[in-house]
Amino acid sequence: MIGLCDCNNFFVSCERVFDPSLNGKPVLVLSGNDGCVIARSNETKALGIKMGTPVFKIKDIVEKYDIKLFSTNFPLYGDMSKRVMNTLKAYTPAIEVYSIDESFLDFSQFPLESLKGNGEKIAKIVRRNTGIPVSIGIAPSKTLAKIASKLCKQYPALKGACLLYKDKDIEKVLSRFPIEDVWGIGRRYSKMLKEYHVFTALDFFHCSPDWVEKRMSIVGLRTWKELHGISCISFEHTLPDKQTICVSRSFSRDVEDVDEIKAAVSKFTTTIAMKLRKQNSCAGQITIYIMTNRFREDKPQMFQSFPIKLEVPTNSTLELVKIAVSTIDKIYRKGYGYKKAGVIVSDLHSSNNIQLSLFDKLDRNKHSKLMRTLDGINARRGRDTVILASSDKKLSIKSEHISNRFTTSWDEIIDVKV
DNA sequence: TCTGGGGTCCTAGGACCC
DNA sequence: TCTGGGGTCCTAGGACCC
């Protein structure tokens with residue numbers, strides 16, 4: 001049996017931990033530049049506000065219901081996530097961190113009759129230790145566990161834990177579960193399935209496996225089997241290294257100045273190099289892209305992306321930034337307003353086995369020593385204590401409703417009034 | 001005026017090998 | 001009229017996830 005612990009309305013819950021007056025009130029958390037809705041409280045869900053809605057389109061509702069808005073605060077959410085995961089680790093034999101707000105829990109050694117009670121206990125402890133409410137679904141497969149966790153949110157009487165394993169129960173639940181809400185069935189497939197009158201998870205359950213495989217490949221077949229209680233997506237005890245790493249941002253306005261774009265790309269690449277070193281990888285390829293605002297149909301559009309193969313894979317900030325910034329000169333065109341830029345590294349290798357080149361002039365030992373020192377200082381003194389001069393320029397990104405980094409910055413720690 | 005960011009996996013087709 | 005058989009690797013595109 002496998003558990004899935006999902007944090008309820010996670011980003012909203014993080015904000016509420018540090019401002020309990022938000023409990024019971026409608027709250028939204030917004031994407032970068034305060035653009036779209038990326039998290040909703042139950043109250044705002046009830047108002048019919050959809051995930052991904054641009055905020056300017058719902059200005060009237062926000063005002064009418066006095067909805068509290070928050071800019072995204074990833075340092076806070078990331079740290080709160082760690083706290084939740086650490087608590088889960090302490091009360092289960094193993095966890096697989098699946099996303100910032102979800103973990104699978106290894107319940108394979110627990111007797112069946114103890115599962116419901118254990119789930120409730122764990123949900124209660126997480127709430128007590130971190131302030132974050134969670135829903136724990138327990139079932140024979142990951143897909144069913146996801147469904148079970150959603151049931152917890154519908155039925156508070158379950159006290160945060162739902163065990164789903166009897167055939168009779170599964171069929172009853174699936175018959176009321178919309179096909180588009182099943183893990184693994186996205187927008188495209190649910191549209192296709194509905195054309196064949198498959199509307200609920202149970203309709204899909206009763207499809208023939210051959211039919212499913214023919215139309216949805218073995219990925220769809222896997223979902224079908226998982227709904228039948230056959231576990232096909234195994235529990236991963238160790239996280240594999242990333243195969244690609246990407247850092248990109250939209251700007252709050254259209255940027256024409258090439259130096260501003262270079263500074264942004266320099267910043268993104270600095271972050272990427274840091275992430276590479278963190279997982280002990282070197283990149284064999286780096287791609288830089290810049291694009292105009294696709295929503296401005298009245299303006300000329302431009303999307304340029306330029307991949308560069310590296311002769312020797314690297315994770316040196318100096319080397320990668322130099323390449324990235326010089327690439328901007330190749331792809332930048334005057335007269336366009338750029339709205340977004342990004343950097344992607346791929347073809348990643350372990351730093352321990354790097355194929356060197358006969359013609360390489362770079363002193364790689366020197367670089368890696370310097371990077372170790374830089375990482376050390378920035379770990380102790382804060383992320384941007386030592387940066388490259390080329391990235392020393394403020395990015396134009398809007399976040400008007402941002403809360404404090406209560407748990408990761410001494411300057412922003414919570415005030416307690418006595 | 002204002003529209004997010006970061007990932008994975010699978011398949012098909014083309015280029016190439018012997 | 002007729003044109004082999006068996007592979008690998010790479011990339012682009014499409015699907016999905018949070």
Side-chain angles (χ1 to χ4, degrees), chain A residues 4-7 9-11 28-39 50-60 62 69-74 77-78 81 96-104 142-143 146 149-150 179-193 212-223 226 232-233 236 239-254 268 271-272 275 279 284-285 287 289 291-299 305 307 309 337 339-348 395-401:
Chain A
L4 184 270
C5 175
D6 189 315
C7 301
N9 311 332
F10 182 54
F11 297 168
L28 294 174
V29 177
L30 311 178
S31 65
N33 292 314
D34 299 338
C36 296
V37 172
I38 57 167
K50 298 268 178 297
M51 202 67 162
T53 311
V55 189
F56 71 87
K57 288 189 179 171
I58 51 168
K59 243 177 79 184
D60 295 346
V62 169
L69 300 180
F70 286 89
S71 304
T72 166
N73 184 347
F74 264 90
Y77 311 149
S81 170
E96 175 194 338
V97 178
Y98 175 68
S99 73
I100 194 161
D101 71 332
E102 282 175 66
S103 266
F104 290 106
K142 283 184 171 177
T143 307
K146 293 272 273 189
S149 85
K150 289 200 184 180
I179 185 65
E180 64 269 23
D181 291 346
V182 174
W183 190 44
I185 310 286
R187 229 180 37 222
R188 278 312 207 345
Y189 282 143
S190 56
K191 185 169 171 249
M192 181 276 288
L193 288 168
V212 171
E213 185 173 6
K214 212 172 117 196
R215 281 174 183 73
M216 302 170 68
S217 83
I218 66 159
V219 187
L221 182 61
R222 216 146 50 196
T223 299
E226 286 249 322
C232 299
I233 307 169
E236 304 292 336
L239 274 178
D241 283 342
K242 299 233 183 309
Q243 299 171 31
T244 59
I245 297 172
C246 165
V247 173
S248 69
R249 291 288 179 280
S250 297
F251 309 124
S252 59
R253 54 189 173 78
D254 295 354
F268 303 163
T271 308
I272 284 202
K275 290 186 176 182
Q279 72 162 30
Q285 176 162 314
T287 304
Y289 70 86
M291 61 194 282
T292 48
N293 188 343
R294 66 197 162 101
F295 295 102
R296 292 296 298 268
E297 284 168 10
D298 54 321
K299 286 205 171 167
S305 123
K309 284 213 173 1
K339 179 67 175 168
K340 184 175 178 179
V343 181
I344 306 160
V345 284
S346 48
D347 187 24
L348 306 189
L395 285 188
S396 98
I397 291 174
K398 195 170 98 181
S399 56
E400 285 178 357
H401 311 281

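Every chain is numbered from 1 and lettered A, B, ... according to where its sequence line falls, protein lines coming before strand lines.
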Trainee: With heavy atoms under 4.0 Å as the rule, sort A:Thr53 into base, sugar-phosphate or nothing.
Mentor: nothing

Trainee: Would you write the dot-bracket representation of DNA chain B, where each base gets (, ), [, ], | or . depending on whether it forms a Watson-Crick or G-U pair under 3.5 Å and with which partner?
Mentor: ....||||||||||||||

Trainee: How would you label the contact of A:Val55 with the nucleic acid (heavy atoms, under 4.0 Å): base, sugar-phosphate, or nothing?
Mentor: nothing

Trainee: Need one value for A:Arg222: base, sugar-phosphate or nothing, where a base atom within 4.0 Å counts as base even if backbone is also close, heavy atoms only.
Mentor: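 Sugar-phosphate contact only.
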
Trainee: For a quick check under 3.5 Å, do A:Ser396 and A:Ser252 share a side-chain donor-acceptor pair by atom type?
Mentor: yes

Trainee: So A:Ile100, base contact, sugar-phosphate only, or nothing? Heavy-atom distance under 4.0 Å.
Mentor: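 No contact at all - A:Ile100 keeps every heavy atom at 4.0 Å or more from the nucleic acid.
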
Trainee: Salt-bridge test for A:Glu226 and A:Lys146: reply yes if a basic N is under 4.0 Å from a carboxylate O, no otherwise.
Mentor: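 Salt bridge absent between A:Glu226 and A:Lys146.
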
Trainee: What does A:Arg249 touch in the nucleic acid at a heavy-atom separation under 4.0 angstrom: a base, only the sugar-phosphate, or nothing?
Mentor: sugar-phosphate

Trainee: Looking across every strand, which nucleic acid part, if any, lies under 4.0 Å from A:Asp101 by heavy atom: base, sugar-phosphate, or nothing?
Mentor: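 Answer is sugar-phosphate: A:Asp101 comes under 4.0 Å of backbone atoms only.
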
Trainee: So A:Lys339, base contact, sugar-phosphate only, or nothing? Heavy-atom distance under 4.0 Å.
Mentor: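 Sugar-phosphate only.
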
Trainee: What string of B, S and - do you get for nucleotides 8-16 of chain C 5' to 3' if you count protein non-hydrogen atoms under 4.0 Å?
Mentor: ---S---SS

Trainee: Which of these, A:Leu69, A:Ile38, A:Thr72, sits in a side chain to side chain contact (heavy atoms under 4.5 Å, CB included) with A:Leu30?
Mentor: A:Leu69

Trainee: Using a heavy-atom cut-off of 4.0 Å across all strands, would you classify A:Lys59 as base, sugar-phosphate, or nothing?
Mentor: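 Answer is base: heavy atoms of A:Lys59 come under 4.0 Å of a base.
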
Trainee: May I ask you to verify if any side-chain N or O of A:Ser250 is less than 4.0 angstrom from the OP1 or OP2 atom of B:dG5?
Mentor: yes

Trainee: Let's see if you can work this out: which of B:dG6, B:dG7, C:dC18 has an atom nearest to the side-chain heavy atoms of A:Lys242?
Mentor: B:dG7

Trainee: What contact category does A:Lys142 fall into here, base, sugar-phosphate, or nothing, at under 4.0 angstrom with non-hydrogen atoms?
Mentor: nothing

